[in-house]
Each structure stands twice: as structure tokens, then as C-alpha cells.
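Basis for what follows: all heavy atoms, side chains included, without hydrogens, waters or symmetry-related copies. Sequence lines set the chain letters: A, B, ... in the order given, protein chains first and strands last, and positions in each chain run from 1.
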There are 2 protein chains.
Amino acid sequence: MADVAKLAGVAISTVSRALANPGRVNEKTRVKIEAAAKTLGYTPNAMARNLRVGKSNIIMIILPGSLHYGASQIIPQVLQSINQSLIQNGYHLMIANLDRDETSERHILNLAFGGTVRGAIILSSELPEVGGKSLADAGLPIVSLLLDMSGAELPSVVTNDRGAVKEAAEALIALGHKRFFYIAGPGDNYHDIERFGGLAEAFEEAGLDPNAIVRSGGVLSYQFGFETGKQAVEDFAELENRPTAAIAASDDMAISFMSGVQALGVRIPEDLSVVSFDGSPVCEYCHPPLSTIEQPVEEMGRAAVATLLRRMEGAGDREPLRQTVPSRLIRRQSIGAPPSE
Amino acid sequence: MADVAKLAGVAISTVSRALANPGRVNEKTRVKIEAAAKTLGYTPNAMARNLRVGKSNIIMIILPGSLHYGASQIIPQVLQSINQSLIQNGYHLMIANLDRDETSERHILNLAFGGTVRGAIILSSELPEVGGKSLADAGLPIVSLLLDMSGAELPSVVTNDRGAVKEAAEALIALGHKRFFYIAGPGDNYHDIERFGGLAEAFEEAGLDPNAIVRSGGVLSYQFGFETGKQAVEDFAELENRPTAAIAASDDMAISFMSGVQALGVRIPEDLSVVSFDGSPVCEYCHPPLSTIEQPVEEMGRAAVATLLRRMEGAGDREPLRQTVPSRLIRRQSIGAPPSE
DNA sequence: TTGTATGCGTTATCAT
DNA sequence: ATGATAACGCATACAA
């Protein structure tokens, strides 16, 4: 910067203003300074600037466990959407992986308490914490995405897990289905509680017997969806009076489940209708094309960034803590009427 | 830091040493200082530190276009692997998207020239450049991943695209296949040149007529693999003397292709064998289970980080510019003998 | 509108 | 082994 100032024949502070705060400097000198900066190939040092203003322009996204599931693209799609929104606003995205071990949690806390990041978007239900120090104490704006953490005072951007599954279940019930098979994610997980809850509500409102819902899974995390689906095949095979409709908590589960039950001779949709959650693009090319509830991942990513930016500016305190962006059911050939008795 | 020093009864510089460079301080005072730091909940400011030492501990990964393809998980898997390796070595990962517009390129150059990042891993064949300033001039260690850029003096970590496809083709030729259908990615792309080259080599060495290879695709980028596969279905349907084996440059292409030709009544593998490239987990649950060439993404990610770290330390100059990690063919039911004439 | 001077929170140099 | 102090590159308060 000193070199630029010398070449332009002005003081360092004028260069600083011209580059960081144009408008507060005479147009003529600004042009002169920018020319000097260009010929010298000068780029301001971001770390010095951030140190001085006491703020970073880096946002971190905290991802639980794996970045990749079986065939689902929701994590990468969310990453893409968030990164794009951030860049448009002059911010950058850093990845933080929350593997639930002390090393990774400590790394995240260092990023927060050490001032590297300015805000965080979290996709986990638990905030990193080590040695009594929690991310919540870092004084960092945090937004929860996909999971509703509004109960913990965290602004949350979610989809209507419950309502969307309920709608799908209602559509199946309207076709005549009365016995359901539900393939679950980890039982204590927000998503699973909501999604199963949607199915249960649809049953109740239709006056159906809730005992006619057979649950499978409930053990493995979402990133092991294929395994969950394979185990569900075994559970399904043992049933006496087989359900005629299956709802899976993720596309991965449904994909391996379909493959497995078809090998058993079950026809889809003639014997069994299948619907799942996520909206993975590959569902269109499944055999048969798989009906799925598409999550508005891009929109949710944008909304999360917008909320975070507002919080970072000190605004947004009087907004509702939870924003819901609706999912929609994509009907494909995996859905049909139940077989006649 | 001043507070910690006061509480511990030592000078600021001693605190700095104790925390950043233990071993260069008396054990007893170190313990005292760490206790003080803990009670105060002190975390060193990363930006001040980086400014002072003139180095950041952030690495950026430059991704071309989309972060998500159809069903392939290679980008997220690579991200995961790289992030994990970096964290183990005390570095952090920042995402940079190269959308080939000036805004995104300028962002990347600012990250590099502004000192925000210390090194870069790039998954694109073109280095960002704007206004005559190129990433190559930033004095930043760069490693190319997946693409062989050793010709441009960039250390590269790649897989044996050519050899792996050649092996797969040889296996098909050994089964009796003589007429092939090749579904291509963008024609000027390194991957496609290599992969198609592998098929051509196998043909040549087997003494088969290279005119018996029908090419489709070659237009859309890899992220539109499903579309490429769908268009390939149309091309395939028009053929007089249909090939008995298809090789696709990506799993996405093969997945939509299989779905489409099956709708036309083509049986796999009885009428047509199919193999593709990527090793997406979902291939196992395709109909029929899809043979695919699995890329060693995790290993490549680790290797890229290791190479980058060596370059950052000024070492690695005398290493070979290209590292190759082999892919392997996973044989599944989509491969069979050709129909008898 | 521009220049001067100070400090952001560290680490490194030098002296003790 | 430790302490005092300068400097990293920038933005801003204040003066001109």
C-alpha cells in the first residue's frame, strides 16, 4: 500500500480510503490511485484488514459426519447454494466437519473463538463443545439449517418434514392403502420424528389403525441409508400380512429397499407402492421411477445465508425464529393402487 | 493475551511463546500460563497471528461449476477426504467456485493475492485469470486433482483413466463383444480423451475394427450426465446393427441410459452389456446392478494434500510432477456375454 | 478532501 | 529462560 501511495503521490491513508471506501475520496485522485494499484498489481491484504476492523469475512458451515450420502445430493446442493449466496455478498465459505471427537470440536471452537470466522451455519443438532466451552458462547451469529433448533433459541431454516410426509401418506391412503411400512432414520433424530409424525397424523385423521404401520430401521444414521434399506428388506420379508405402501425417510433407503424386495419377487407398484424423502435426481431413473419428496435445498440455503447476514448486522432479532420452506411430492411410477384383496 | 500475562504474572511475549512454541519455555511457567489461559477462556486470535507470521493456514479448493452431479459422489468424497487430511495437519478448507465469470475468478484471485489462502487444490483445467493477472502468478503452491496438468508444470494427482477403461474394454472383448457404444463427456475434456483413448487402444490391440465403436454425447459437461445418457438412448435407438456393449464416461450417463434403453425393450445384460466410470455407490442398486470403474477418491484427496503440504514447505520440487492412483473395475450383473448372432 | 498518527493482537528480535 | 519492544498491513480518529 505504501508503494501504491508513493506511485500515486498521495498518503497511505488516502489509498486505503480509495480502495476500501471509494466515495470518501476525490474522483480524480481515486482514478490515479487505482491506476497505480493496477500497474503494481496490488491486492490489499485481507488478514491485515480483518484484524484492523475486527471482523472476518469468512462463514463456516458445520456438517455432522460425512459430506456424502448414498445417492442424495442434498449436502452438496446446500453447500453450493450457500457458497453462491455468500460470495454474492462478499463472504467466503469454510468447511468445518463435526465428527463428534474432541479434535474436530476443538478445531471448530478455535475457528470461532480465534476470530477466523464471522458466523456459522450448522446442520447438526448439537453445538460443538469441549472443556465447558461451547460454540454458543463465542458470540457468533449461528443459523441452523434443515433442523429446527428454534427451541434452543437458534434461528432455523427448515422444510415442512411433517406436513410433506403427511400429504404423501394422504395420497396413498386415498388410493386405498391401509397397511404401511415405514423405514426410519435414527430414532431420536428431528427429521425422523417429524416424518414419522406426518405419517401417524395422516393415519389418525383417516381413522386408520396406527398398528397397521410397521416400523423398520431407526438405528443407523442417514449416511448409511443403503444399509438401512437393505435391513428393511429383511424385516419386510418376515411380515405375515405385508403392507401395501412403504415410506422411507430418505431416498437412499428406498433405493436399496426397492432393489432388495424386487429380488424377492415383490412388484412395484403392483404389490407395493414406495415413496421417499429427499428428491434426489437419480430417483427419476430408478426401476420404477421413484416418487420422492423434493426438498427446496437451494432456497433453504439462500434463506439461511440471508438470515445469517441479517443477524451479523445486528438485525433480525425480532423476526420469527423459524422459517419453513415447503417441500413438494414428485409423483412417479412407484406409486399405484394397492392390490385387490 | 495481555490479560493472560497479567494473571500468570509473566510478560506477554512469554505467553506467546508458551502457547505457540511450547518447549521454548520453562515447564513450570508453561503450566502456569496454560492455567491462566484456561480460566480466562482465552483463544489466540488467528488473524493477528497470520498477519504477523505472514502465512495463513487456509487452503482453498477450486471447483469448476457445480458441486453436485446426478448421483455421483466423487466431488463430496474428495472434499471430505481433503478436509480431513487438512485438519489433521492444522489447516482449514475454503471453497472456491469457478463459474468462469469474472466475479468468481476475481474472488479467487483476491483470496490468493490477498493472502487469505496459503495454497490451492484445483479441479479445473483452466487457472482463474482476470485482467492479465493469473493465479499462477500468486506465488501460491497449487496441486491439480483428477486432471493431469503436469504439462503446465502443475503437480497433479490423477487416476489411470485410460488404463482402467482399457481393462474394462478388454474384459468385454474377452467375452466376445465386437461392437461398442461409447457415451462421451465433453469432447475436449482430459477425462474423455483418456477414457475413449483406453477403449480405442483395447480395440487396436485386439485387432478389432475401430469403426465398430459408435460415439454418442461429447457435448454436455459431466454435471449433465443424466441428459447425456438420455440423448444417448435416442442415438442408440437409431442404430441399424446395434452394439452389444456400452461404455459410459460417467455413472450418471449409464444410469439414465440404462433406464431409457430398457424402456425400449433392450435387455441388460442379455442384449447389451454396460460399464461406466466413477464408482458411485448407487450403482450396486441399479437394475441390473451396474458395473463401474471405481475411482480412488479418498486416496487421491490424501495424496493431493500431502503433495501440497510438501510444496508449501518448499520441498517436493524434485518429485515427479504426476502421481497416479489406480482405479479398479467393479464387475456386476450389467456385464454378460453378447447375444449369439 | 487529504495527511498524520495510532492501534488492532500477535510473533520475532534483541537484550537481559 | 524471560522481558521489552518493534513490526506485520491496514483502517480510522483527528487535525489540517
*Asks:* Compile the donor-acceptor pairs under 3.5 Å between side chains in residues 297-304 of chain B and protein atoms, sequence neighbours left out, one pair per line.
*Replies:*
none

*Asks:* Mind calculating the distance between CZ (A:Arg24) and C1' (D:dC14) to the nearest angstrom?
*Replies:*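 Atom-to-atom, A:Arg24 to D:dC14, this comes out as 12 Å.
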
*Asks:* Enumerate the residues from residues 130-137 of chain B whose closest heavy atom to DNA chain D is under 4.0 Å, giving them by residue number; use none for an empty result.
*Replies:*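 The answer is none.
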
*Asks:* Side-chain donor-acceptor pairs under 3.5 Å in residues 3-29 of chain A, sequence neighbours left out?
*Replies:*
unit_1	atom_1	unit_2	atom_2	d
A:Asn26	OD1	A:Lys28	N	2.7
A:Glu27	OE1	A:Arg30	NH1	3.1
A:Thr29	OG1	A:Asn26	O	2.8

*Asks:* Listed by chain and number, what are the side-chain hydrogen bond (donor to acceptor under 3.5 Å, both in side chains) partners of A:Gln295, not counting sequence neighbours?
*Replies:*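 For A:Gln295, the residues satisfying side-chain hydrogen bond (donor to acceptor under 3.5 Å, both in side chains) (neighbours in sequence not counted) are A:Asp278.
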
*Asks:* Could you tell me the separation between the CG atom of A:Leu67 and the CG atom of B:Asn83, rounded to the nearest 0.5 Å?
*Replies:*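 Result: 7.0 Å between the selected atoms.
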
*Asks:* Show every donor-acceptor pair shorter than 3.5 Å between a side-chain atom in residues 312-322 of chain A and any protein atom, with sequence neighbours excluded, or say none if there are none.
*Replies:*
unit_1	atom_1	unit_2	atom_2	d
A:Glu319	OE1	A:Arg310	NH1	2.5
A:Glu319	OE2	A:Arg310	NH1	2.6
A:Arg322	NH1	A:Asp148	OD2	3.0

*Asks:* Enter the inter-axis angle for the ends of the helix from C:dT1-D:dA16 to C:dT16-D:dA1 (five pairs per end, rounded to 10°).
*Replies:*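 Nearest ten degrees gives 30° for this helix.
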
*Asks:* According to the ring pair (Phe, Tyr, Trp, His ring centres under 6.0 Å) rule, which pairs have a member within residues 27-58 of chain B, sequence neighbours left out?
*Replies:* none

*Asks:* Give me the residues of residues 42-52 of chain A where at least one heavy atom lies under 4.0 Å from an atom of DNA chain D, by number, or none.
*Replies:* A:Tyr42, A:Pro44, A:Asn45, A:Ala48, A:Arg49, A:Arg52

*Asks:* Please list, one pair per line, the donor and acceptor atoms closer than 3.5 Å that link side chains of residues 115-132 of chain A to other protein atoms, with sequence neighbours excluded.
*Replies:*
unit_1	atom_1	unit_2	atom_2	d
A:Arg118	NH1	A:Ser56	O	3.4
A:Ser124	OG	A:Glu126	N	3.2
A:Ser124	OG	A:Glu126	O	3.3

*Asks:* Which parts of residues 25-38 of chain A get close to DNA chain D, meaning a heavy atom less than 4.0 angstrom away?
*Replies:* none

*Asks:* Just jot down the ring pair (Phe, Tyr, Trp, His ring centres under 6.0 Å) partners of B:His92, sequence neighbours excluded, or say none.
*Replies:* A:His107

*Asks:* When you measure from every atom of DNA chain C, which of residues 4-19 of chain A have a heavy atom less than 4.0 Å away?
*Replies:* A:Val10, A:Ala11, A:Ser13, A:Thr14, A:Arg17

